[in-house]
Amino acid sequence: MKKFAVIGSPIGHSLSPKIHSLFAEQAEIQINYEAIEIIENDFNSRVKQLFEDGYSGLNVTLPLKEKAFHYADMKSEDALLATSVNTLFIKDSIVCGETTDGRGLLLDLKSKGIEIEGLNVLILGAGGSAKSVIPSLLSSNPNSLSVVNRTPEKAAELVKIHKQKNPEINQIGIDEKIHQEIDLVINSTSASTLGEELALPEGIFGPKTTSYDLAYSKEATPFNLMAKKRGVKKTYDGLGMLINQAALSFEIWNKFKPNVKGIDLKLRS
Ligand code: ATR
């Protein structure tokens with residue numbers, strides 16, 4: 001039986017084992033998919049050991065995606081643009097790294113009727129999660145993509161990386177007032193995971209704004225609750241992205257494209 005795992009820290013509450021077992025049922029194959037706690041300092045030795053032990057593929061989650069990027073001998077174009085890897089596997093004795101986060105987000109947005117092309121999008125945060133989805137957002141031709149971060153230098157750095165090829169990316173200061181209507185606000189910060197307040201620029205939510213929190217939880221996420229309080233009607237959390245990025249990994253490993261419809265309801269029940 002093929003062995004897979006999701007690695008990260010903390011990993012106890014990961015939904016990935018459940019999602020992959022639902023996909024395996026669809027594919028009518030038997031797999032063994034575990035959640036394995038690995039801390040950053042142990043990354044190289046533990047991952048080497050897992051592949052030696054016969055694991056066919058690894059999903060990588062926080063805080064290890066950058067480590068995985070550096071570990072992979074061969075990286076996909078998406079991974080290179082995102083400087084992030086969430087899917088590792090061995091092909092012809094070479095460790096290959098892919099990121100399915102950005103495409104997972106786009107597929108989920110699409111399934112919710114949101115096409116990025118022509119939209120004014122604003123992303124909160126400039127850490128690893130923002131980095132991993134920004135290239136996909138830009139490849140969908142938004143009218144604008146504004147990056148807002150508590151530490152402005154980090155947002156500036158991210159904008160600089162993409163600005164030449166994508167002049168529609170820009171930075172907005174947390175103290176600035178926003179004048180244009182934002183169609184989609186994406187929260188990529190870890191503020192709510194850390195139980196912290198999240199300061200927002202004035203005018204970020206308008207009557208037509210949709211909010212999307214990359215984090216997910218059984219109840220509405222703190223960010224989406226805040227958005228709702230400020231009049232946002234459509235709010236989504238990142239469960240759909242999680243399912244879609246998992247489906248893309250599953251397809252790479254098992255050459256079977258899972259049907260993601262209804263998986264969210266199974267996970268939320
Ligand atoms: P991840 O991989 O989840 O993106 P990360 O790389 O540590 O984690 O990035 C966390 C992001 O959340 C950063 O943009 C961080 O802002 P700073 O660059 O200013 O640290 C943001 N963040 C975390 N807590 C926050 C808070 N309380 N308010 C605003 N932003 C916060």
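Note that ligands are numbered from 1 as they come in the structure, with each ligand's atoms numbered from 1 the same way. Sequential numbering from 1 along the given sequence is applied to the chain's residues. Here the structure is a predicted model, which is why all the values come from computation and not from measurement.
In this structure, a donor-acceptor pair under 3.5 Å is present between the side chains of S76 and E98. Counted by atom type alone, N224 and D213 present zero donor-acceptor pairs between their side chains at under 3.5 Å. S146 and N170 are linked by a side-chain donor-acceptor pair at a separation below 3.5 angstrom, with hydrogens and angles left out of the test. For N59 and S249, the side-chain atoms include at least one donor-acceptor pair closer than 3.5 Å. Side chain to side chain, D101 and S84 fail the donor-acceptor criterion of an N or O pair below 3.5 Å.
Protein non-hydrogen atoms do not reach within 4.0 Å of atom 7 (O) of ligand 1.
In terms of protein heavy atoms, atom 31 (C) of ligand 1 is closest to R150 CZ, 3.8 Å. Closest to atom 14 (O) of ligand 1, if we only count protein heavy atoms, is N149 OD1, 2.7 Å. Remark: minimum distance from atom 9 (O) of ligand 1 to any protein heavy atom is reached at G127 CA, 3.4 Å. The closest protein non-hydrogen atom to atom 29 (C) of ligand 1 is L198 CD1, 3.4 Å. Nearest protein heavy-atom neighbour of atom 19 (O) of ligand 1: T151 OG1, 2.5 Å. Nearest protein heavy-atom neighbour of atom 27 (N) of ligand 1: E196 OE1, 2.7 Å. Distance from atom 21 (C) of ligand 1 to its nearest protein heavy atom, with residue and atom name: T189 CB, 3.7 Å.
Under the 6.0 Å distance and 45° angle rule, K3 does not count as a cation-pi partner of Y33.
Within the 4.0 Å heavy-atom criterion, the part of L62 lying near ligand 1 is the side chain and not the backbone. Residue contacts with ligand 1, taken as heavy atom pairs separated by less than 4.0 Å, involve K154 solely via side-chain atoms from C-beta onward.
Ring orientation note: the planes of F43 and Y71 are nearly perpendicular, at an angle over 60° on the 30°/60° scale. In this pair, H20 and F250 present their aromatic rings tilted. The plane angle is within the 30 to 60° band.
In summary, of the residues considered (N32, L50, I90), a side-chain contact (heavy atoms from CB on, under 4.5 Å) with Y55 occurs for L50 alone.
Looking at S132, G125, S190 and measuring to atom 12 (O) of ligand 1, the nearest heavy atom belongs to S190. The option from A126, G128, S192, P63 that lies nearest to atom 5 (P) of ligand 1, judged by heavy atoms, is G128.
Ligand 1 has a nitrogen or oxygen under 3.5 angstrom from a nitrogen or oxygen of E197.
Here is the list of ligand 1 atoms found below 4.0 Å of a heavy atom in S129: 1 (P), 2 (O), 3 (O), 4 (O).
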